[in-house]
Amino acid sequence: VGGDVTATPESDDNEYLCPVTIGGQTLNLDFDSGSSDLWVFSTSTPSSEQQSHTIYNPAKSSTFKELNGFTWQISYGDGSGASGTVGTDTVTVGGLTVKNQAVELATAVSSEFVTDSANNGLLGLAWSNLNTVEPTQQQTFFANAGPQLQQNVFTADLRHDQPGSYDFGFIDTSKFQGNLNYVPVDNSQGFWQFTVDGYAVGDGATGGNSFSAIADTGTTLLLLDDNIVSDYYSQISSAQNSNSAGGFVFDCTEDVPDLTLQIGDYAAVVPGSLLNFSQNGDGTCFGGIQSDGGQGFAILGDVFLKAQFTVFDQGNVQLGFAPK
Ligand SMILES: NCc1ccc(-c2ccco2)nc1
């Protein structure tokens, strides 16, 4: 048994939304391999915050069960957050069904979510030890689905300005070139965390120290150590760190170099075309590489994941990468 679901990019590839059916009601959710809560806009969300969102109404689901007294509260690296109550329901993603899945109903959401009307909640795909439900931590959709999957994996094929896909339970070899390159994962912090062994800017030599990184489908950009960020932008003559833009920008006419991350024997190339992320509207462009804020590990978000086919292997606690 498996599932295949389309991942549709919002404008500027800011996030990728996938249809999820909960108790017979379909909402577009943001699949996030950097967190472990499945939460939705619902009839419990204040009407002033519901705005034009699609909401889940548990009263209309014949399979919803309240988990009485259970609560959740989450805050994300971008400063957004949400909180609320919890129940269970039947959740289907791309034909794959999990019964009695914990579904977290938002009773409060931060302004970033209120104004992002396409995003009706998140489906967490990190490890269940990051789930925020109290008093009893809940399992993710992927953890619950594991036993029914032919292969205990999900894969991500995110694309620039076009629909991609997530597959659960199988690896579609038509979606990548060559062989998959696997790297061990340390899931002790709940992330898909692994070691990057070095980097190269453009066609320069691979160097630098090894560093820890997480594969995070719920982060838009490629967030790296400040030293690597400075080294990269030293190769773009007009690059500057702009407070008003919120990070490194450069003239849109510039030729933007590739970045290669050495992961074991695999050289993961992120093409310059993906590193010229978006236009600021004043002739400058915003870089796809930005600072990780010194939090001690790099965040390989959608900018990186668009350039790779990625296997999140729950059974063997490893990640697999291949070019597309
Ligand atoms: N990395 C988790 C995550 C995902 C989405 C969002 C978000 C905020 C507003 C719209 O979306 N925030 C954090």
Side-chain angles (χ1 to χ4, degrees), residues 5 7-20 27-42 45-46 48-56 72-84 93 103-133 140-142 154 156 158 164 166 187 189-193 212-224 246-247 277-278 286 288-293 295-306 310 312 319:
V5 67
T8 304
E10 279 302 287
S11 57
D12 283 343
D13 299 347
N14 267 315
E15 58 192 2
Y16 292 79
L17 298 171
C18 306
V20 176
L27 293 80
N28 292 329
L29 303 185
D30 182 356
F31 284 22
D32 179 15
S33 65
S35 67
S36 305
D37 286 48
L38 194 175
W39 70 263
V40 292
F41 275 76
S42 77
T45 310
S48 61
E49 296 179 2
Q50 286 181 19
Q51 299 202 4
S52 50
H53 287 269
T54 305
I55 61 168
Y56 166 67
W72 60 282
Q73 177 172 15
I74 198 163
S75 53
Y76 299 106
D78 65 355
S80 64
S83 59
V93 174
V103 176
E104 302 171 32
L105 312 179
T107 56
V109 294
S110 67
S111 59
E112 299 89 347
F113 285 109
V114 174
T115 53
D116 182 359
S117 56
N119 181 325
N120 303 302
L122 266 65
L123 188 143
L125 292 168
W127 298 82
S128 298
N129 56 334
L130 273 183
N131 177 265
T132 73
V133 173
T140 67
F141 170 82
F142 182 40
F154 78 86
L158 302 181
Y166 290 98
N187 61 5
Q189 306 297 312
F191 296 117
W192 291 90
Q193 188 164 344
S212 207
I214 67 168
D216 185 357
T217 61
T219 289
T220 308
L221 302 177
L222 173 47
L223 306 180
L224 297 170
F277 180 74
S278 61
F286 195 75
I289 289 171
Q290 298 295 339
S291 170
D292 66 8
Q295 60 188 323
F297 53 84
I299 301 182
L300 307 193
D302 300 333
V303 161
F304 175 82
L305 296 168
K306 275 179 262 183
T310 306
F312 294 75
L319 280 166

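When a residue number appears, it is its place in the shown sequence, counting from 1. All ligand and atom numbering here is 1-based and tracks the order in the structure. Both backbone and side-chain heavy atoms feed into the values below; hydrogens, waters and symmetry mates do not.
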Aromatic plane relationship, Phe113 with Tyr76 - under 30° parallel, 30 to 60° tilted, over 60° perpendicular: perpendicular
Among Leu122, Asn131, Leu130, side chain to side chain contact (heavy atoms under 4.5 Å, CB included) partner for Ser35: Leu122
Whether Trp127 and Trp192 hold their rings parallel, tilted or perpendicular, with breakpoints at 30° and 60°: tilted
Under 4.0 Å from a heavy atom of Asp30: give me the atoms of ligand 1 that qualify, with their elements. 4 (C), 5 (C)
Name the orientation class of the two ring planes belonging to Phe142 and Phe154 (parallel below 30°, tilted from 30 to 60°, perpendicular beyond 60°). perpendicular
Quick check on contacts: which atoms of ligand 1 are under 4.0 angstrom from a heavy atom of Glu15? 10 (C), 11 (O)
Note, Asp12 side chain near Phe286 side chain (heavy atom, < 4.5 Å): no
Quick one: which ligand 1 atoms are inside 4.0 Å of a heavy atom on Gly218? 1 (N), 2 (C), 3 (C), 4 (C)
For atom 10 (C) of ligand 1, what's the nearest protein heavy-atom neighbour? Residue, atom name and distance, please. Asp116 OD2, 3.1 Å
Backbone N/O of Thr140 and side chain of Ser128: donor-acceptor pair under 3.5 Å: yes
For atom 12 (N) of ligand 1, the closest protein heavy atom turns out to be Asp78 OD2, 2.8 Å
Atom 7 (C) of ligand 1 - nearest protein heavy atom and its distance: Phe113 CE2, 3.4 Å
Going by the order shown, which atoms of ligand 1 are within less than 4.0 Å of some heavy atom of Glu112? 8 (C), 9 (C), 10 (C)
Would Tyr76 count as being in polar contact with ligand 1, using the rule that some N or O on each side must be under 3.5 angstrom apart? no
Protein heavy-atom partner closest to atom 2 (C) of ligand 1 - residue, atom, separation in Å: Asp32 OD2, 3.2 Å
Roughly how far, to the nearest 0.5 Å, is the CZ atom of Phe277 from the CG atom of Leu221? 5.0 Å
